[in-house]
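I have placed the structure first, in the form of structure tokens, so that the comments after it can refer back to it.
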Protein chains: 4
Amino acid sequence: MKTTDEGPPGPLVSAAAARRPGRPRSDQAEEAILDAVFSLFSDGATYDGLSMEMIAAAAKVGKATIYRRWPNKEALVICAIGRRLHPEKEIRVQGVSVREDLVYLLELMRGHLQDQCTGAAYDVLNQASVGNPNLYRRYFEVVIEPRRELYREVLRRGVADGELREDLDIERAMLMLTSTMHAVTRNSPPSGPVGREFSEALVDDLLRGAAEQQALSRSGGLAPA
Amino acid sequence: MKTTDEGPPGPLVSAAAARRPGRPRSDQAEEAILDAVFSLFSDGATYDGLSMEMIAAAAKVGKATIYRRWPNKEALVICAIGRRLHPEKEIRVQGVSVREDLVYLLELMRGHLQDQCTGAAYDVLNQASVGNPNLYRRYFEVVIEPRRELYREVLRRGVADGELREDLDIERAMLMLTSTMHAVTRNSPPSGPVGREFSEALVDDLLRGAAEQQALSRSGGLAPA
Amino acid sequence: MKTTDEGPPGPLVSAAAARRPGRPRSDQAEEAILDAVFSLFSDGATYDGLSMEMIAAAAKVGKATIYRRWPNKEALVICAIGRRLHPEKEIRVQGVSVREDLVYLLELMRGHLQDQCTGAAYDVLNQASVGNPNLYRRYFEVVIEPRRELYREVLRRGVADGELREDLDIERAMLMLTSTMHAVTRNSPPSGPVGREFSEALVDDLLRGAAEQQALSRSGGLAPA
Amino acid sequence: MKTTDEGPPGPLVSAAAARRPGRPRSDQAEEAILDAVFSLFSDGATYDGLSMEMIAAAAKVGKATIYRRWPNKEALVICAIGRRLHPEKEIRVQGVSVREDLVYLLELMRGHLQDQCTGAAYDVLNQASVGNPNLYRRYFEVVIEPRRELYREVLRRGVADGELREDLDIERAMLMLTSTMHAVTRNSPPSGPVGREFSEALVDDLLRGAAEQQALSRSGGLAPA
DNA sequence: CGTTAATCGAGACGGTACGTCCTGTCTTCGG
DNA sequence: CCGAAGACAGGACGTACCGTCTCGATTAACG
């Protein structure tokens, strides 16, 4: 997530961890900065109404301590939002069925988008990334794609388990689920706030088509006869 | 779209035209400004990397000449984009089947969103929505909803014709089509630029589920036999 | 005195003054800035304890308004001090004799150097110019040399009038007067504060040598008689 | 010259040397720092263009190793220069005449002031005087006054020998010589670098007035006759 | 010979100022 | 009154130092 530095947090020779010389960077400062970003966003700050100097002041940190970690505001905000959005690591989707897993993921997404704070984060990022392809690209890589991958995994598992049609276009299915949820939660009218039933209906819509082949083959098994 | 002044740019009664005193504003300057905005965007400028001073310089115009017409950068950019977005009035969808009509609408949408300029238009207008609900609502009413209504009409016609399941959730189907298309065209990776086949696949996905009942009833009709 | 810009304040074609386009720079702002510099110095600020941001704030002026006129702090401070030290234009030295004129100039200098404010200005500049040749050179050109020229003029007049030896080294005489006065006023011990009698003694010391030839020729003039 | 810590670097009672515990400070590092200061100055660095970080880097030393020895840049630079300024102890002026002795002293002074490094020393120490009266007083007592006393001694001897007027103001004569030499060597334009002839002319100027009485009495001795 | 304690290079820390740039307004002139 | 031009106050940007601090690694003399 760091942008300024450096190479491989990857596995190094044996133990010892190859400590860099000099005083190590303060994790405390890092957290304070990230927290400050969110606290300021929650207080209604917009992306460009939010200045590095405000952040530094709020985090009680020198500006250099920020710039040592992120090269600019864009990288910082993306990283901050990404972090808030990223307890993905612990998201466990080992549900019993494709339907339940997808509903679970959609409900998670709905929770995020309808939440005061993370919802605003989305808006702010979308706003800022208009005509700012770099910001958007990174946002995409860091935030969007990892989430999408979760959907793909469930769908792939469904195909493998035989729960879904073998020729299902996983990408399109994933897009249909996520983008529809996004539209219905981020575009105010006319949908109004939706609930769990929307996630379920969305998945059921998908399954109705995606499981059809089996249905057909089941029933179609009779046809040749 | 003008924000600063004025009343109706529409046709005025009789002659005289309610001329204001003094030198009239130069249409030439206005065009030069709008052209400069697009030319700069096309040259890869980002939204906030694009400064009013750049625009004024590129248009060979004084800054005040811009601010006399639009109150700020946001208004200027939205207005500039709005120009490129207008000629939607004459969409006709009298297709032969639900599938063809939906594909036609999606292809129209894809053309807009994949266009360098009108695509950016959507993004900027989405930006405007953040913290400017009134503007967004108008944009929604004037641009988004009329488009959505076209989809609803086709779907309703499909239900009436018996081409689609009777209990189809038209709203959700419309959302699925439009939002997926939006996502796939506005979110660069990993989808890459899509073509007509995507529209067709999208509609086919929908139909597969939406027409299922008939399929089932067809096959189900056989079962007892 | 301006450093940032521009060409010829020299004589331009005919009248009309060749006004540059755009809004002219505010003389009011310029004065406010210069006044702020002195007011801050008088409040005990040192050269590098004095920041451009303090100056801008004190003058109620944007930083850019300062940087539009002077390229950096050095140029600004030199200019400011030079201006305070420069009511030289109205210094009139048309005294009756070389002695009286020189004493007048030395008293003026003593007044400056012993003055709370301008004395501090000297210190500050001397301090800042240590190892900062550029600062010092400009300070020299703008402040020191014009003052020295006044001494040279008096001495040249004295030579022309026959009051001083024809072969007097004017440069050295000027240096002797000014540097001794400088030393005795700026170097605290052991001299202690001096008064008018010091200026007079200094000039008399000079004259004793510089007028000697005449005295000798006068007395020698008698010999042939 | 050290400011941070400690007592007497002078010779301590008996043996034992009052060793402090722990690793002793590296003399090597100390020299490297001082050398770096001079090397950077010689490479054209200005006083405030010279940063502690540059020094540390040039000396291949940690910043703390500098700050452990000197509390700030001022102290470091003054100390560094002091090293180059010391070996004055053995000046001998047993010349044959007042003129030759004074010229010798002035030439010594000129050598110092025109030297790249010791010349800068004076400037920096003058800097230190501003806002640091105690330091300056010591500098004055230890460096300046001893030098001045040499001039006074020569002048007093001249008076005693009858070479100079009995009522010569020795203090003023000394000041005239030293301050003029200081001015002409430290103030670059327009004097330009001067040579031995300047020292001689300066002394001759002084003598012309200071020996006048004899000259007058010689010539004047004729008059009454 | 191992403990102890201050040193070392390195570099991060909270601050502060720098000089540049941009925003949206204001002020000049000529058309 | 509009046009270009550009100065205005304000404020954020990202850089560079300051003087302090915290690391792990040395380097003596003491025990």
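Per chain, numbering begins at 1; letters A, B, ... match sequence-line order.
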Tell me what [X] touches on the nucleic acid: a base, only sugar-phosphate, or nothing, going by heavy atoms under 4.0 Å.
X: D:Ala64; value: base
X: C:Met54; value: nothing
X: C:Lys60; value: sugar-phosphate

Considering just the side-chain nitrogens and oxygens of [X], establish if one lies under 4.0 Å of OP1 or OP2 belonging to [N].
X: A:Ser26; N: E:dA12; answer: no
X: D:Thr65; N: E:dG9; answer: yes
X: A:Arg69; N: E:dC13; answer: yes

Taking [atom1] from [X] and [atom2] from [N], how many angstroms apart are they, rounded to a whole number?
X: A:Arg20; N: E:dG9; atom1: CZ; atom2: P; result: 20 Å
X: A:Asp27; N: E:dC13; atom1: CG; atom2: C1'; result: 14 Å
X: C:Ile66; N: F:dC8; atom1: CD1; atom2: P; result: 11 Å
X: A:Leu50; N: F:dG11; atom1: CG; atom2: C1'; result: 14 Å
X: C:Arg23; N: E:dT27; atom1: CZ; atom2: P; result: 6 Å
X: B:Ile55; N: F:dA4; atom1: CD1; atom2: P; result: 14 Å
X: A:Glu74; N: F:dC13; atom1: CD; atom2: P; result: 13 Å
X: B:Lys73; N: E:dT23; atom1: NZ; atom2: C1'; result: 9 Å

Q: Give a yes or no on whether the backbone of C:Ala75 and the side-chain of C:Asn72 come within a donor-acceptor separation of less than 3.5 Å.
A: yes
(Q) Using a 3.5 Å distance criterion without hydrogens, assess whether the side chain of A:Arg69 forms a donor-acceptor pair with backbone atoms of A:Ala64. (A) no
Taking only the side-chain heavy atoms of [X] (C-beta and beyond), determine which of [options] contains the nearest atom.
X: C:Tyr67; options: E:dG19, F:dT27, F:dC8; result: E:dG19
X: A:Arg25; options: E:dG19, F:dA25, E:dC13; result: E:dC13
X: C:Met52; options: F:dC13, F:dC18, E:dC18; result: E:dC18
X: A:Lys63; options: E:dC22, E:dA12, E:dA17; result: E:dA17

**Q.** First of C:Ser51 and C:Pro24 reached from the 5' end of DNA chain E, by closest nucleotide
**A.** C:Ser51
Q) Starting at the 5' end of DNA chain F, which residue's closest nucleotide do you reach first, A:Gly22 or B:Val61? A) B:Val61
Q | Test: A:Glu53 and A:Lys63 ion pair at under 4.0 Å | A | yes
Q: Return the set of residues passing salt bridge (charged side-chain N to carboxylate O under 4.0 Å, His left out) with B:Lys73 (not counting sequence neighbours), or none when no residue passes.
A: none
Q) Does some side-chain heavy atom of B:Phe38 sit less than 4.5 Å from a side-chain heavy atom of B:Leu34? A) no
